[in-house]
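Reading through the structure tokens given below for one structure.
Within every chain, numbering begins at 1; the chains are lettered A, B, ... in the order of the sequence lines, protein sequences first and strands thereafter. Note: hydrogens, waters and symmetry copies are ignored here, and every other heavy atom, side chains too, is used.
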There are 2 protein chains.
Amino acid sequence: MEATNTCADCAVRDSALCASLNDGELMALNALGRRRKLARGEVLAWAGDDSLICGNLISGVLKLTASTPDGREQIVGLAYPADFVGRPYAGQAEFTVTAVSEAELCLFPRAPFERVLEDHARMERLLLQRTFAALDEARARMLALARLSAAEKVTGFLLDMADRATGCRAMPPGPVTFDLPLTRGEMAEVLGMTIETVSRQLTRLKSKGAITLAGARGITIRDRELLRGRD
Amino acid sequence: MEATNTCADCAVRDSALCASLNDGELMALNALGRRRKLARGEVLAWAGDDSLICGNLISGVLKLTASTPDGREQIVGLAYPADFVGRPYAGQAEFTVTAVSEAELCLFPRAPFERVLEDHARMERLLLQRTFAALDEARARMLALARLSAAEKVTGFLLDMADRATGCRAMPPGPVTFDLPLTRGEMAEVLGMTIETVSRQLTRLKSKGAITLAGARGITIRDRELLRGRD
DNA sequence: CGAGTATTTGAACAACGTCAATCCTGGTGG
DNA sequence: CCACCAGGATTGACGTTGTTCAAATACTCG
């Protein structure tokens, strides 16, 4: 049943970091890696633990969370399929990594993975570029967390999710329907607000006619302009 | 007067990225770089412009700011001497870089600098590690922006500045005096609040006896425990 | 010394959080 | 197939924090 553990039929072979390797090189990496499935809510790594593994997300969604000593939490990053997870060259993990949905990863022990990086400049460069992109995204989120109103945060989030759901292509002008990968609570954790405020904003957008809600996860963006509208 | 433009007597020769190069390699880089002085408030690069240069900060402090279309601003990063500034492998700059004090940089045109990176894996690895560190810091700041109270933000900021002022060494237990490199307005921009709230928090800490203010910039941290205290 | 700017202070207000109750929904077992 | 249950989501009333607007005061630099 588990004959699918080779890179050849990996769903993210061409979009993950591995895209920088030819088939031969991939063999070597394959020997290092092992698949791991996570259930929803399962933790891959705890903040403060030694940073022993890293890898590529194959399917599902992960969240990276930071927390204060007294337990307040904030989601500081989300990982989607083909994203790299982990922190080479680091002693300890700074953030907790948790599966938001059922997820599958291809994991490598950190030390040998670093050696692979050292031998494959192209891969290391790709990782550098991804890290730059993650940094830019984190900084853009800092602006949002600090300066946007609750309404702006929620609409921005919905538009981001819609972009992702439609494959990040130029968006069709018509309505878009998709499932949110996060609960209300997780949305609140991403946006730096409370679950109640998220819920109220969604209700407001619904009664304005900008969106439709279907169950806890389903959402349709009806009118992009209305959604963006200031009032 | 400007005979000091060589790497040999560069103040950050051993702490910037250049530390990964030997003297010979440094020669080649030196041919590429040019010094630039910025006055307080001067802008090095605007968000949205083509990302044409990058370099090392030699002296002074820079701020990276993001802003909303309607003009709200947030400082998403600060750069100190020996920090790398700029974004190799990027099309456009995402953030505006401005001098917060008089500053001096060693700048490289991006394209040739990328070629140097490609030829010097050690330097590229160092840049990757710095970028990881910057990412971790940005994410930690996301937690602070989203979840800390105004009081916690200000005390945290003061303690960070004190650490930096004392050279990031284990802090002596006694009072620490130093000059803040930022105005109240810039502190507010960093912490995601208004100038008035920053000022009120400082006044509160002063009347509590935790700090002393001297002029607009001078500050003494009198009692670390009192400063951290919840009330 | 004095103009211009930064900072402090005050009062009123709005946005968002908190607490608490209720509703929905998706899954489970009879 | 339906009733029930538990966790998630919504809604409401109210309190708090931090913003806004406005004015006074203190610095800094020429």
Residues [X] and [Y] bridged, charged N to O under 4.0 Å:
X: Arg87(B); Y: Asp136(A); result: yes
X: Arg35(B); Y: Glu104(B); result: yes
X: Glu186(A); Y: Lys63(A); result: yes

With side chains defined as the heavy atoms from C-beta onward, is the minimum distance between Leu143(B) and Arg72(A) less than 4.5 Å?
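Leu143(B) does not reach Arg72(A) side chain to side chain.
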Please report the distance, rounded to the nearest Å, between [atom1] in [X] and [atom2] in [N].
X: Gln201(B); N: dT16(D); atom1: CD; atom2: C1'; value: 14 Å
X: Leu148(B); N: dC16(C); atom1: CG; atom2: P; value: 18 Å
X: Glu152(A); N: dA14(C); atom1: CD; atom2: P; value: 18 Å
X: Leu202(B); N: dG18(D); atom1: CG; atom2: P; value: 14 Å
X: Arg40(A); N: dG27(C); atom1: CZ; atom2: P; value: 11 Å
X: Glu186(A); N: dG8(D); atom1: CD; atom2: P; value: 9 Å
X: Leu182(B); N: dA6(C); atom1: CG; atom2: C1'; value: 14 Å
X: Asp179(A); N: dG26(C); atom1: CG; atom2: C1'; value: 13 Å

Taking for each residue the nucleotide of DNA chain D bearing the nearest heavy atom, is the 5' side occupied by Ala150(B) or by Glu196(A)?
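Looking at DNA chain D, the more 5' nearest nucleotide goes with Glu196(A).
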Pick the closest DNA chain D nucleotide for Ala151(B) and for Val198(A) by heavy atoms, then say which residue is nearer the 5' end.
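Of the two residues, Val198(A) wins.
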Quick check with a 6.0 Å cut-off and a 45 degree axis cone: is Arg130(B) positioned over the face of Phe84(B)'s six-membered ring?
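Arg130(B) over Phe84(B) ring: no.
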Sugar-phosphate only, base, or nothing, as touched by Thr203(A) at under 4.0 Å among non-hydrogen atoms:
sugar-phosphate
With sugar-phosphate meaning primed atoms plus P, OP1 and OP2, does Leu213(A) contact a base, only sugar-phosphate, or nothing at under 4.0 Å between heavy atoms?
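Sugar-phosphate, no base atom in range.
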Any idea which of [options] is nearest the [X] side chain?
X: Thr194(A); options: dT7(C), dT11(D), dG17(C); value: dG17(C)
X: Ser149(B); options: dG17(C), dG18(D), dT10(D); value: dG18(D)
X: Thr183(B); options: dT7(C), dG17(C), dT10(D); value: dT7(C)
X: Ser199(B); options: dT7(C), dT19(D), dC16(C); value: dT7(C)
X: Ala216(B); options: dA22(D), dT28(D), dC16(C); value: dT28(D)

Hey, is the side chain of Arg200(A) pairing donor to acceptor with the base of dG12(D) inside 3.5 Å?
yes
Which sits closer to the 5' end of DNA chain C, Ala214(A) or Thr197(A), going by the nucleotide each is nearest to?
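The answer here is Thr197(A).
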